[in-house]
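What follows is a set of notes on a single structure, which appears directly below.
Values in this document were obtained by computation on a predicted structure and should not be read as measured data. Lettering follows sequence order; numbering is per chain, from 1.
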Amino acid sequence: MSTPESDLPPAPASGPQISVTVDGEATTVTEGTTGTELFSGRREIVVLRIDGELRDLSARLTAGAVVEGVSVDSPDGLAVLRHSAAHVLAQAVQQINPDVKLGIGPPVTDGFYYDFDVEQPFTPEDLKALDKVMARIIKEGQSFRRREVSDDEARAELADQPYKLELIGLKSTADTAGEGAAVEVGAGGLTIYDNVRRDGTVAWKDLCRGPHLPSTRLIGNGAQLMRSAAAYWRGSEKNPQLQRIYGTAWPTKDELRAYLDRLAEAERRDHRRLGTELDLFSFPDEIGSGLAVFHPKGGIIRTEMEEYSRRRHIEAGYSFVNTPHITKARLYELSGHLDWYADGMYPPMQLDEELDADGNIRKAAQDYYLKPMNCPMHILIYRSRGRSYRELPLRLFEFGTVYRYEKSGVVHGLTRARGFTQDDAHIFASREQMKDEITHALGFVLDLLKDYGLDDFYLELSTRNPEKSVGSDELWQEATDTLRQVAVESGLELVADPGGAAFYGPKISVQAKDAIGRTWQMSTVQLDLNLPELFELEYAAADGTRQRPVMIHRALFGSIERFFAVLTEHYAGAFPTWLAPVQVRAIPVAEAFEGYLAEVVAQLRTHGVRAELDSSHDRFPKKIRTASKEKIPFVLIAGGEDAEAGAVSFRFRDGSQENGVPVAVAVERILASIRDRTQV
RNA sequence: GCCCCCGUAGCUCAGUGGUAGAGCGCAGUCUUGGUAAGACUGAGGUCAUGGGUCCGAUUCCCAUCGGGGGCUCCA
């Protein structure tokens, strides 16, 4: 960072030669050569990596440097492209509104944002106007020029930018200054990037550590503003809210279009949309925010999901329990939930108060709470009598409905609801059994998730947050090591999540990728070091001593509602046969064949298949269309040819068909699809 | 919880300071023999709720409820 890199005369054509390594090959270049010259024939190279650090293309090479060209379509290249697009956005905003105070503008996944302090929030019309201004700036071909400045110089230049001044003051702690702040100020010296027009005048400047594209022109027409929203300055709700504009940027217009198509696809799959279209569930206003009702078709899917899970849990040695939805405060005082999570719980109901004739309280009211977690209830089952080591591991399972008072702004369809049902298990085991139990639990959940159609996983290990946790260091250490060991032995990719653990113990979470590449946090396996202590859980060991069991919390779906939403989006509403609300729709070519098909339907029903005959007055093509829109896996068609041959014709979701299939074969094929849980 | 946007028929959405419209869906009649919309007729709305401004409010203003996009949060 000690050599100035911009506004220097071109390197001399001849001069002392230096040795450098370029893209892995040793070579010599004239001293003072820049990346621009080195990669002059390769337009896709927009940035350099010199000795492992990203630098502007205009950086000069020094002797011994290891240099790589970074292509615009690489992850680093894309980040630089998007960061530069954020600068163009800020320039456009300042051009329209010179009084704006600039926040930060980092790249994010698929795009960028920039935060502004403005009097009036941005409107959609503002975004359209800004898109136009940006296009003009991009077309101008302004170059990004790096300039090193001292703290005092920066303060003088940015005197009217209070947020930038704050960042300058924070630069030594940039990593913790807030989301994105590190792209503005690094730990080293400060730099300002000037946007210079072709005539040499400075169009705009911003405090920024870079690097940037050589020219705005490289943003091309792959950038577009997406939306505006509020965001807290430096990510804290104690700070003022700024107006954030989100944009996306891609190396080419085609990639931009592909990205917009992906967004459209995600919208088509949105479980809230499909829930209405397919008549699966709804959120009646009268019930309240975040509380769903499942309609008959959604009910079938949910029942199938639960039934299969229940069967597998029995096979895996779990015991089924049931607990109430409401409890006296005492239980959650004991468990510590009222200390840690009272904000997230529905407020108490006060019951059983009795007054005497004078209106004085004769008997104090009791506080009752809706339960936000099942574990304390399961613990009471464990504690209902003395336990022996012979009973361990004791695996208690329940589809337990819980209620959490989620803040109004976070409620989101079925994925973030206020009432939901956990497929919740608590395993009580001895310390010696701990590792085997965790291994068993993790293997079990992965295996089961695959049966529901998810098979691309990685694991996350959430470890202790020292400021928000209970329990001894030794126990945390042992628990974390055990989880890590199990995770590593699973062979799956493991990502660290430092400080992400709940207060009571570390956890492994399973992240699953869906059909369009989005990841969802699914199952969790958590060790609890807290509750066995608080409830003084014990068992009699083989040697007659009293021992404390360990407790493992384990949920597979997390919440059935949420998993339902994930599967709906994963399958885009086209569920595999075993989950599909209607598995077979029989459509006669004409009314005359209704009787023939009715018999086939009856036969399927005796096998438990959810089959129905379309005897509506619609015409044949309309019936096909209706079945298609309902995403029914098997459409059975019969006309004269089929009836004479004792056959039916299949029509599948993709429009393909198979004619003249003998009824017995067709039935077996449908049954096999249900049995094997295959997608069709 | 905070900021912005939204709330009109079952669904998707037009529209207006003088009490409303389309398409789909639904009902009925006629029609209908091979792979994504046959025709016609009809029913259906306190324009989310409550206040306010106004001669008059679905329309303008405020509040509440609900939804959306973010931020913060997510045991």
Gap in Å between the two C1' atoms, one belonging to B:G52 and one to B:U58, rounded: 16 Å

N or O in side chain of A:S408 less than 4.0 angstrom from B:G1 OP1/OP2: yes

Touch class at under 4.0 angstrom, heavy-atom based, for A:E406 against every strand present: nothing

Over 12 foreign heavy atoms within 6.0 Å of CD, A:E591: no

Check: A:F397 ring centroid to A:H426 ring centroid under 6.0 Å: no

Heavy-atom donor-acceptor pair, A:D642 side-chain to B:G34 base, under 3.5 Å: yes

Member of A:K513, A:R518, A:R269 meeting the salt bridge (Lys or Arg N to Asp or Glu O under 4.0 Å) criterion with A:E569: A:R518

Candidate pair A:Q422 and A:N374, rule side-chain hydrogen bond (donor to acceptor under 3.5 Å, both in side chains), full reasoning: CA-CA 8 Å; A:Q422 295 181 309; A:N374 300 303; 3.1 Å; yes

Nucleotide nearest A:Y504 (side chain, heavy atoms from C-beta), chosen from B:A75, B:G33, B:C73: B:A75

Quiz item: A:K623 side-chain donor-acceptor pair to B:U35 base, under 3.5 Å: no

Under-3.5 Å donor-acceptor pair between A:S228 side chain and B:G70 base: no

Most 5' of A:D343 and A:A590 on RNA chain B, judged by nearest nucleotide: A:A590

Atom-to-atom span, CG of A:D115 to C1' of B:G70 - whole angstrom: 11 Å

Sugar-phosphate only, base, or nothing, as touched by A:P588 at under 4.0 Å among non-hydrogen atoms: nothing

Aromatic plane relationship, A:F650 with A:F652 - under 30° parallel, 30 to 60° tilted, over 60° perpendicular: parallel

Sugar-phosphate only, base, or nothing, as touched by A:N659 at under 4.0 Å among non-hydrogen atoms: base

Short side-chain N/O contact from A:S289 to OP1 or OP2 of B:G67, under 4.0 Å: yes

OP1 or OP2 of B:C4 under 4.0 Å from side-chain N/O of A:Y246: no

Distance-only donor-acceptor test, A:Q241 side-chain atoms vs B:C2 base atoms, 3.5 Å: yes

CD (A:E599) with more than 12 external heavy atoms under 6.0 Å: no

Among B:U72, B:C71, B:A75, the one nearest A:M373 by side-chain distance: B:A75

A:W340 CH2 to B:C74 P, straight-line distance once rounded to whole Å: 12 Å

Whole-Å gap separating P (B:G25) and CD (A:E630): 12 Å

Residue-phosphate contact under 4.0 Å: A:R619 side-chain N/O, B:A37 OP1/OP2: no

B:G1 base / A:Y232 side chain donor-acceptor hit below 3.5 Å: yes

Out of B:C3, B:U35, B:C73, whichever nucleotide has its closest atom nearest the side chain of A:R416: B:C73

Under 3.5 Å on both distances, the Watson-Crick or G-U partner of B:A27: B:U41

Separation of the P atoms in B:C61 and B:G25, to the nearest angstrom: 37 Å

Side-chain N,O (A:R273) to OP1/OP2 (B:C11) below 4.0 Å: no

Given B:A75, B:A37, B:U31, the nucleotide with the shortest approach to the side chain of A:H617: B:U31

Pairing nucleotide - B:C2, Watson-Crick or G-U, each distance under 3.5 Å: B:G70

Test of ring centre spacing under 6.0 Å for A:F116 and A:Y114: yes

Length of the line joining A:Y346:OH and B:G1:P, which is rounded to integer Å: 12 Å

Nearest-neighbour nucleotide for the A:V589 side chain, B:G1, B:G34, B:A75 considered: B:G34

Nucleotide forming a Watson-Crick or wobble pair with B:G17, both distances under 3.5 Å: none

side-chain N/O A:K468 vs B:C74 OP1/OP2, d < 4.0 Å: yes

Test applied, ring-ring contact (aromatic ring centres under 6.0 Å, His included); reference residue, A:Y341; option that passes from A:Y405, A:F503, A:Y332: A:F503

Touch class at under 4.0 angstrom, heavy-atom based, for A:G344 against every strand present: base

Watson-Crick or G-U wobble mate for B:C60, both contacts under 3.5 Å: B:G52

Sugar-phosphate only, base, or nothing, as touched by A:E277 at under 4.0 Å among non-hydrogen atoms: nothing

Nearest-angstrom distance from the residue atom CD1 of A:I104 to P of B:C71: 12 Å

Side-chain N or O of A:R227 closer than 4.0 Å to phosphate OP1/OP2 of B:G70: yes

N/O (side chain, A:R272) to phosphate O (OP1/OP2, B:G66) under 4.0 Å: no

Short side-chain N/O contact to B:G69 OP1/OP2 from A:H412, under 4.0 Å: yes

A:V410 side-chain proximity, nearest of B:G34, B:C71, B:C11: B:C71

Phosphate contact (B:C74 OP1 or OP2) by A:K507 side-chain N/O below 4.0 Å: no

Nearest-nucleotide comparison on RNA chain B, the residue closer to the 5′ end among A:G500 and A:G413: A:G413

